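None of the values given here were measured: they were computed from a predicted structure.
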Amino acid sequence: MSLDDAPQARRLRRPTWRDPRLGVGVLLVAGSVALGTWAVRDAAATTEVYAARQDLTPGDALDADAVMVTEVRLGAPGEHYLRVADGLPDGAVTIRTVAAGELVPAKAVGASDAVELRPVVVPLGLSVPADLGPGAVVDLWLTPPPVTGGLAVDEPAEPELLAADLVVAEVLEDASMFTGGTGVSVELLVPRLDLPDVLGALSSDGQLVAVPTFGGRLPAGSSPAEGGPAGAEEAER
């Protein structure tokens with residue numbers, strides 16, 4: 001084979017800015033950088049929302065003393081919660097129980113006339129559970145007075161359930177020696193339909209007993225009538 005017949009080596013040309021491959025590469029690099037920047041920024045993005053400073057029960061005023069500001073990364077749309085950017089509604093109250101430290105759901109906020117509960121202070125006649133406090137849920141019972149005077153009774157009167165699933169708004173202690181009973185009263189949030197039975201029992205000779213329900217506390221964002229979660233979305237703190 002002669003030198004003239006030998007295959008000639010191809011010379012590589014240096015790519016120029018007109019080469020489409022160079023443009024595609026630049027776009028891929030720029031896209032990767034932009035995507036990474038967006039992912040980091042999105043992961044660090046937080047929203048200021050209100051959280052309950054203490055246990056809030058239906059009817060509690062929603063003001064600066066009742067809530068605190070917290071920054072969270074919401075895993076759901078922010079409109080599910082009360083955002084600081086929107087401010088506190090004037091004259092608003094909680095219409096559902098919100099536990100201390102929980103984010104305040106937007107559906108748990110309303111006007112005072114939307115609360116179908118009335119506060120009633122009930123003196124307790126028997127021992128008080130140690131964990132009884134605001135936000136606890138109890139059944140209110142009336143125990144009949146003991147039979148006196150040597151009267152024969154075929155069957156003793158049975159305790160009567162006055163109202164179920166009542167939310168405790170406050171526990172009041174009175175150390176006075178003239179108080180009688182346990183010296184402890186509870187402020188219960190009573191539905192209007194149960195008011196006649198509860199108020200009538202206050203003037204009876206029997207003793208009122210608050211018995212915590214199973215679990216002893218209403219889930220956050222729940223209504224006493226519903227007894228279940230209000231459907232608030234979970235948030236990542």
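The minimum heavy-atom distance linking V98 with A108 is given by the pair CG2-CB, 4.0 Å. Of all non-hydrogen atoms in G59 and V115, the two that sit nearest each other are N-CG2, 4.0 Å. A51 and T70 make their closest contact through CB-CG2, 3.9 Å (heavy atoms, listed as atom of the first residue, atom of the second, distance). Closest non-hydrogen pair, S185 versus P123, comes out as OG-CA, 3.4 Å. V109 approaches P105 most closely through the heavy-atom pair CG2-O, 3.7 Å. Considering all non-hydrogen atoms of both residues, V104 and A52 come closest at CG2-N, 3.9 Å.
In this structure the side chain of V171 reaches within 4.5 angstrom of the side chain of V184, judged on heavy atoms. Side-chain contact check for P58 versus I95: every heavy-atom pair is 4.5 Å or farther apart. At a threshold of 4.5 Å between non-hydrogen side-chain atoms, the residues P212 and V137 do not count as touching.
Taking the salt bridge (charged side-chain N to carboxylate O under 4.0 Å, His left out) definition, one finds that D86 meets it with R83, sequence neighbours left out. With sequence neighbours excluded, no residue forms a side chain to side chain donor-acceptor pair (under 3.5 Å) with T94.
Between L208 atom CG and L124 atom CG the span is 7.5 Å, to the nearest 0.5 Å.
Side-chain atoms of D139 come within 3.5 Å of backbone atoms of D165 as a donor-acceptor pair (strictly under, hydrogens ignored).
Of the residues listed (V120, L162, V167), the one engaging V190 in a side-chain contact (heavy atoms from CB on, under 4.5 Å) is V120, and it is the only one.
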Report, one line per pair, each donor and acceptor closer than 3.5 Å where one atom sits in a side chain of residues 61-69; sequence neighbours left out.
| from | atom 1 | to | atom 2 | distance (Å) |
| --- | --- | --- | --- | --- |
| D63 | OD1 | D65 | N | 3.2 |
| D63 | OD1 | A66 | N | 3.2 |

Using the side chain to side chain contact (heavy atoms under 4.5 Å, CB included) rule, take L195 and V198 through it: C-alpha gap first, then chi angles, then the decisive distance, then the call. CA-CA 5 Å; L195 278 177; V198 174; 5.5 Å; no

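The side-chain hydrogen bond (donor to acceptor under 3.5 Å, both in side chains) pairs that include a residue from residues 187-202 are E116-R192, where partners are two or more places apart or lie in different chains.
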